[in-house]
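In what follows, a structure is listed as structure tokens, so that the remarks can point back to it.
Letters A, B, ... mirror the listed sequences (proteins, then strands); counts begin at 1.
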Amino acid sequence: MLTIQCPHCGVQAEETELSPGGEAHLSRFGPGSEDQDFEAYLFFRENPKGVHFERWRHVHGCGKWFHAARCTVTMEVFGTYSAQTTEPPKALRDKISEKRPGWTWRDIA
Amino acid sequence: MSTRLSHGGRLTDRSTPVQFTFNGRSFSGYAGDTLASALLAGDQMMMGRSFKYHRPRGVVSSGAEEPNALVNLGQGDTHEPNARATTTEIFQGLKASSQNHWPSLEYDVGAVNAHLSRFLPAGFYYKMFIHPRPLWKHVYEPFIRQSAGLGKAPHPEARDPDTYEHFYAYTDVLVVGGGVAGLQAALEAGRAGAEVLLLEQTAHWGGRTPVDGGEIDGLDPDAWIEKAVGELEAMPNVRIRTRTMGAGIYDHGYVLGYERLTDHAPGQPGPRHRLWRIRAKQVVTATGAIERPLAFAGNDIPGVMLASAVRDYLVNYGVAVGDRTVVVTTNDDGYRTAIALKRAGLDVPAVLDAREYGGGALMDQAKEMGIRVETGRGISKVKGGKRVTGVATCGIAGSGALIDEIACDCVAMSGGWSPVVNLWSHCGGKLFWDEAQACFRPDTDRAPTGADGKPFVTPAGAANGYLYLSETLSDGAVGGRTAATATGHAAGDAAVPETSAPVEAAPRPVWMMPEGAPYEYRAKAWLDYQNDVKVTDVQLAAREGFESVEHTKRYTTLGMATDQGKLSNLNGLATLANALGEEIPQVGTTTFRPPYTPISMGSIAGEARGSVFQPLRRTPMHDWHEAHGVQWEPVGHWRRPYCFPKAGESSEQAVHREITATRDSLGLLDASTLGKILVKGPDAGRFMDMLYTNLMSKLAVGRCRYGLMCSENGFLSDDGVVARLDEDTFLVHTTTGGADRIHAHMEEWLQTEWWDWQVYTANVTEQYAQVGVVGPNARKVLEKLGGMDLSAEAMPFMTWADGTLGGLQARVFRISFSGELSFEVAVPAGQGRALWDTLMEAGAEFNATPYGTEALHVMRAEKGFIMIGDETDGTVIPQDLGLDWAISKKKDDYIGKRAQERSFMDNADRWKLVGLETLDGSVLPDGAYAPTDGKTRNGQRNTQGRVTSSYFSPTLGKGIAMGLVHNGPDRMGEVISFAAADGTTMTEARIVNAVFFDPEGKKQNV
């Protein structure tokens, strides 16, 4: 059972306090978008073995959404950050590079 | 025979006799006995029948790994199946019985299976009973269920009278296992200043060492253990618990502990079991090792036992399992049993040592005591039926040619020791194969890692493969120091206690005895006692292509019983490796999963039973409903009145009365559970336009509008009335079940997509009590209360107003879900009961009738109003329900709009909502499908529609229904047939407009 630190309230939260929200950093495609883009936005998800960026909500805590970078193999949590951003912060990406040299996720590295 | 000796028994108290029964027969033991030791003391060697062949089985081990001696404990409400006699402490009045036999343990009809065993090999059931398919459910399965199985589950009406609890604990270092390694680890971590929690599954500290002997710090092991426990108890940063098993290790240092508080002393106050939910920074697994049985013909006959168990019963309980014990061993440890027996004055006719050159110091000691030792020797066959009578010995290497026969009534076998790596492996710790010791050991370079990516489990002592006392103790110290250091505490470097114990010679791995055993021997050599898996079964699986150890496990059921293969796994996979011509590490192990031994369902439930199983949400009018004969309906966590039957009235009659009273005069509905969410801020209108399909931003202050919410996938997700309170504020009403979900939906979009929009949401559902005042006299009763102008001119349909009603601060919405003149009155929750009482009193002259959810449903169906969850199921879009009018054409975007533009949704050729009227006036079965010509690719009939809501309408005096029908609105007047649940009874129904009652809306617009 995971523990993940909520970046809003600072609590080292138990997994039972959190609810998972799937893949992070999706770009919304609305009316007028191409079928392929909309399909990818709505249905296609990364399923990495290794570094992953996810959305979580501290639902039984402060109620805030946040992002977490996690290894899907070892469950290591590299860090958490605000949900109000479109890509992982540079400092976190560098930290992951130290631990998992050569990692990639979508077009991020 | 097995007997109690006149002296001995370090764990028993001979001054305290304990009476108990087994299969109705009286037995006597002593305080400190386990059920197994007390039964053995009474010469009850046979304790059960095997699962498949119903062979007589006796106890094999003395601990948690026991596969055979499973018993029923207690009776009636306290009945518990599959308890291990080896870990059950006896108490005065204990009632135990054996399992899996009929009519009795001694004479079991099912034992005929044993004679058929050559026709019942691994996979027999899979192959035999697969055809013809229909026979499985009605013939084969009931028969197999009757003849197979272990204990009986408690009666479904039985109610466990005991209580259970959960316990949350946080610690720096958790040490699992209170043997000498665990004690030493806890001492080291405690001395370093770390917070320590030490768990031991048995009632005693020290593990095997007091039985196995040696010296620690110049002390007898018992004395050293007492000193160590004393030091731990004196440390304020250390907590220690016996009778508490480390059940499982999970991600990020989460560990479950299982404490058995009163199993050994029922009647004591407090919970029976406690589930410890532990978060540990570091875990030391000092879980010891388990001795392996040997595979030889007849190794399951009662009286064949692990050598360590024979020694345990002798030393710990003063019980001699037999008068004449033959020891068969592949390592030096077996000699300890021979020596202990001989010292107790019992006969040891021979030690059969599989090693050609025998063992070390312990062998020499045995020889000096006059024990006959035969090296390079093994057992080809055990003689006896319900009890061992002798063994046939043979050379270890050949095919079992008889050397001699030795009469005996007990066989003590030792196939070497396997570290208990279960907990290490639960969370991903890897293993390596130790060729010299013939066992899997934790690979500490590949430890389970935690949230920070660093190892959080350290194996210690025998569990780490350090099987000899000196290594065990020093490795325990290393484990404790490693864990303490990892939690930021400086570990000491004081010398580890000195130990002395005999030097042992290398073991010889033996997986089949003799190594060239012919079929008839292999077919009687058991690997998994509990599931009756033999050497030949595993070999058959290999021949039939089940080469993966995971496949062989499932095909043969090896290691799948309640003991999870604690004794059988390694022997089984070594047999598989030999059959495949591979090395053991190439074959690998199956996956170790928690819990280590079964834990009670009660402990998992903890306090969460009865009224505290889940929270119950009550409206402010709950007590009134309760006092007036309500029939409740659970809606989410809420309790809502379903109807209010009067004396002698059926629920159906009550519903009809409630509807008629409402339509004729006045009905009152407790609508407090309706979801209420405030959406506020400068961007509230913009956000509401995204949330709803409607153009909510243009809703005038003071007005209400019915709106639809969709998921991003386009499907209808919730509906309700929105009131605009002021320029920046909307009050959103959701369905009763939807409030939390919709509030979360709003927060998700606001926090993760439109985070720069200035909008604030608050779920105020429980802040207000709300009453639906419904019917032709609704306005009259509210006017009687006085304080607000509710005339049609002042307050037209779909408006709201704040004011005072009968002295209560109220917000009145003029909305209708019934087709009647209707007001919903909201007051602060604390005033809800007052409002209800006032309305009941003022409404008395109008026959004010409280109504429940069923009347609400029927009335809305009479009007053709949809209900989320009835007309929608997550695949229905608003357009399917004829709700196009609620979808704004003026907006560029709303959640779900893009999805609804997809070709298969933006298409006239869909199942759409219609009314359905049976030709005979009957009520269509809810959920019924209308079949049509042709079949699907799966051979099922094609369908053209289904019923989504169906009721008897007391207003119209006939059955009415709504349904989704293929191109339904284009087929008005057509008659189609719906199938009942039996698939053949058909009911004809005409497709009609879904608005059955008052289509012009004359009743609500007055």
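Contact tally against chain B (heavy-atom pairs below 4.5 Å) for A/Lys99, A/Glu15, A/Arg55, A/Arg57: the top residue is A/Arg55. Ranked by heavy-atom pairs under 4.5 Å with chain B, the first of A/Gly63, A/Ala24, A/Ala83, A/Ser33 is A/Ser33. Options B/Lys897, B/Glu748, B/Gln900, B/Lys454 differ in how many heavy-atom pairs under 4.5 Å they form with chain A, and the most are formed by B/Glu748. Highest contact tally toward chain A, considering only B/Ile895, B/Thr752, B/Thr449, B/Asp756, is held by B/Thr752 [criterion: heavy-atom pairs under 4.5 Å]. Ranked by heavy-atom pairs shorter than 4.5 Å toward chain B, the options A/Thr3, A/Thr74, A/Val77, A/Thr85 are led by A/Thr3.
Atom CZ of B/Phe167 sits in a crowded spot, with more than 12 heavy atoms from other residues, nucleotides or ligands closer than 6.0 Å. No more than 12 heavy atoms of other residues, nucleotides or ligands shown are found within 6.0 angstrom of NZ on A/Lys64. Environment of CZ in A/Phe43: crowded, with over 12 heavy atoms of neighbouring residues, nucleotides or ligands closer than 6.0 Å. Atom CD of A/Gln36 has 12 or fewer heavy atoms from other residues, nucleotides or ligands within 6.0 Å. No more than 12 heavy atoms of other residues, nucleotides or ligands sit less than 6.0 Å from atom CG of B/Asp892.
In this structure, B/Arg898 pairs ionically with A/Asp35, as a charged nitrogen and a carboxylate oxygen lie closer than 4.0 Å. Using a 4.0 Å cut-off between a side-chain N of Lys or Arg and a carboxylate O of Asp or Glu, B/Arg902 and A/Glu39 do not qualify as a salt bridge. A/Arg28 has a carboxylate O that lies under 4.0 Å from a charged side-chain N of B/Glu712, or vice versa, which qualifies the two as a salt bridge.
Contacts of A/Leu42 with chain B are made by side-chain atoms alone, with heavy-atom separations under 4.5 Å and no backbone atom involved. Both the backbone and the side chain of B/Asp893 come within contact range of chain A, with heavy atoms under 4.5 Å apart. Of the atoms belonging to B/Asn713, heavy atoms from both backbone and side chain fall under 4.5 Å from chain A. Only the side chain of A/Tyr41 comes within contact range of chain B, with at least one heavy atom under 4.5 Å from a heavy atom of that chain. Neither the backbone nor the side chain of A/Phe66 comes within less than 4.5 Å of any heavy atom in chain B. The part of B/Tyr254 that comes within reach of chain A is its side chain, from C-beta onward, which places non-hydrogen atoms under 4.5 angstrom from that chain. Proximity to chain A (any heavy atom under 4.5 Å) is restricted, for B/Glu753, to the side chain, taken from C-beta onward.
For A/Gln84 (side chain) and B/Trp755 (main-chain N/O), no donor-acceptor pair under 3.5 Å exists by modelled atom type. Counting only distance, with no hydrogens or angles, the side chain of B/His252 and the backbone of A/Met75 share a donor-acceptor pair below 3.5 Å.
Of all non-hydrogen atoms in B/Glu901 and A/Gly32, the two that sit nearest each other are OE1-N, 3.7 Å.
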| field | Working for side-chain contact (heavy atoms from CB on, under 4.5 Å), residues A/Met1 and B/Arg279 | value | CA-CA 10 Å; A/Met1 195 167 71; B/Arg279 200 56 93 160; 3.6 Å; yes
